[in-house]
Amino acid sequence: MTSPGPERRCEQPRSNPRRGPCQSPSARPGWRVDMRQAAWSNPAAGLADGDVDVALLRLPFPGQDTLRVEVLFAEPRWVALPTAHPFATRDLIPFRDLWDEPFVAALSETGRWRDYWLAADERDGHPVRVGAVTDHPDDWLSAIANGYGIALAPESAARFYARPGVTYRPVGGVSPSQVGVAWAPAGDTDPVIQDFVRCCMESSPPRHDATM
């Protein structure tokens with residue numbers, strides 16, 4: 001958020017490509033929301049380092065326990081596959097059928113973020129196979145299209161990250177992805193940050209948390 005005074009910024013990770021909330025100036029005349037996207041290597045979008053005031057983030061993310069977080073909405077996790085993959089024609093793929101597939105993973109230093117998008121804790125102890133490691137959306141899509149692996153992704157990725165050679169399909173038996181608004185505890189007494197948080201919560205869509 002920006003004004004003629006101190007700069008206020010909100011970031012969102014590249015895996016959350018929805019339109020930014022709170023674009024109406026009614027709450028803070030003379031202010032605007034300045035939305036920026038963060039690299040996948042920084043799933044906390046600079047919030048943990050104090051580079052931004054507030055962020056819209058995919059949960060969970062490293063350092064989440066030290067920050068304030070309000071969940072805004074949830075959406076199913078789908079799978080991105082090479083179009084030539086035998087499963088690409090299925091209407092619904094049980095997650096168990098994907099356990100032996102190689103996955104395209106995030107960098108190891110992203111910790112909980114990487115594990116979550118591998119659904120490492122939803123495999124009944126079955127080990128994860130990593131076929132490629134990427135840090136950017138284009139590299140991620142290329143790795144999938146070239147057959148190095150598959151990847152879990154939010155349902156909305158089918159619209160925002162469409163690419164020839166990559167097919168998205170619903171997955172059953174895996175928990176949905178949540179998006180939240182997050183800020184540092186110091187922001188609890190900042191009226192501008194709290195106005196933004198409140199606006200996000202008021203404009204968020206209905207939540208759908210059920211696992212397919």
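Shortest non-hydrogen contact noted between T167 and A88 is CG2-O, 3.8 Å. The minimum heavy-atom distance linking A151 with I144 is given by the pair CB-CD1, 3.9 Å. The minimum heavy-atom distance between A162 and A158, with the atom names listed, is CB-O, 3.6 Å. Nearest heavy atom pair, residue L92 against residue G172, reads CD1-N, 3.6 Å. Residue L47 comes nearest to L57 through the heavy atom pair CD2-CD1, 4.4 Å, listed as atom of the first residue, atom of the second, then distance. Shortest non-hydrogen contact noted between P176 and Y116 is O-OH, 2.6 Å.
Side-chain contact between Y148 and P82 is absent, with no heavy-atom pair separated by less than 4.5 Å. The side-chain heavy atoms of T134 and L141, taken from C-beta on, include no pair separated by under 4.5 Å. The shortest distance between side-chain heavy atoms of H126 and D100 falls below 4.5 Å. Counting only heavy atoms from C-beta outward, the side chains of I93 and W78 never approach each other to under 4.5 Å. Under the 4.5 Å side-chain criterion, counting only non-hydrogen atoms from C-beta, R58 is not in contact with P43. Within the 4.5 Å cutoff, no side-chain heavy atoms of P60 are placed close to those of W113. Side-chain atoms of V130 and P102, non-hydrogen and from C-beta on, never get closer than 4.5 Å to each other. Put simply, the side chain of W117 reaches to within 4.5 Å of the side chain of P154, judged on heavy atoms.
For the pair E75 (side chain) and S156 (backbone), a donor-acceptor distance under 3.5 Å is present. Judged by distance alone, the side chain of Q64 and the main-chain N or O of F61 form a donor-acceptor pair under 3.5 Å. Side chain of D190 to backbone of V192: a donor-acceptor contact under 3.5 angstrom is found. The closest donor-acceptor contact from the side chain of R114 to the backbone of A106 lies under 3.5 Å. Between the R77 side chain and the S175 main chain, a donor and an acceptor come within less than 3.5 Å of each other. Within the 3.5 Å criterion, the main-chain N or O of F73 finds no donor-acceptor partner in the side chain of Q178.
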If you apply the rule side-chain contact (heavy atoms from CB on, under 4.5 Å), what do you find for F103 with L152, and how did you get there? CA-CA 8 Å; F103 273 67; L152 294 174; 4.0 Å; yes
Applying side-chain contact (heavy atoms from CB on, under 4.5 Å), run through L59 and V179 and close with a yes or a no. CA-CA 6 Å; L59 313 179; V179 170; over 6 Å; no
Residues V54, V181; criterion side-chain contact (heavy atoms from CB on, under 4.5 Å); working and verdict: CA-CA 7 Å; V54 62; V181 57; 3.6 Å; yes
Show your working on side chain to side chain donor-acceptor pair (under 3.5 Å) between W183 and D188 and close with a plain yes or no. CA-CA 8 Å; W183 67 99; D188 289 348; 2.8 Å; yes
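Under the side-chain hydrogen bond (donor to acceptor under 3.5 Å, both in side chains) criterion, Q194 pairs with no residue at all, not counting sequence neighbours. Looking at residues two or more places apart in sequence or on another chain, you find no ring pair (Phe, Tyr, Trp, His ring centres under 6.0 Å) involving Y168. Remark: R123 pairs with no residue by the side-chain hydrogen bond (donor to acceptor under 3.5 Å, both in side chains) rule, at least two apart or across chains.
Under the 4.0 Å criterion applied to side-chain N and carboxylate O atoms, D97 and R90 are assigned as salt-bridge partners. R96 and D124 are joined by a salt bridge, as a carboxylate oxygen and a charged side-chain nitrogen come within less than 4.0 angstrom of each other. Between D115 and R112 no salt bridge is recorded (no basic side-chain N to carboxylate O distance below 4.0 Å).
Using bins of under 30°, 30° to 60° and over 60° for the plane-to-plane angle, the ring pair H85/F87 lands in the tilted bin.
Both tests do not hold together for R163 against W140: distance to the six-membered ring centre under 6.0 Å, angle to the ring axis within 45°.
In this structure, the separation between CG on L98 and CG on L81 is 7.0 Å, given to the nearest 0.5 Å. Once rounded to the nearest 0.5 Å, the distance linking CG of L107 with CG of D135 reads 4.5 Å.
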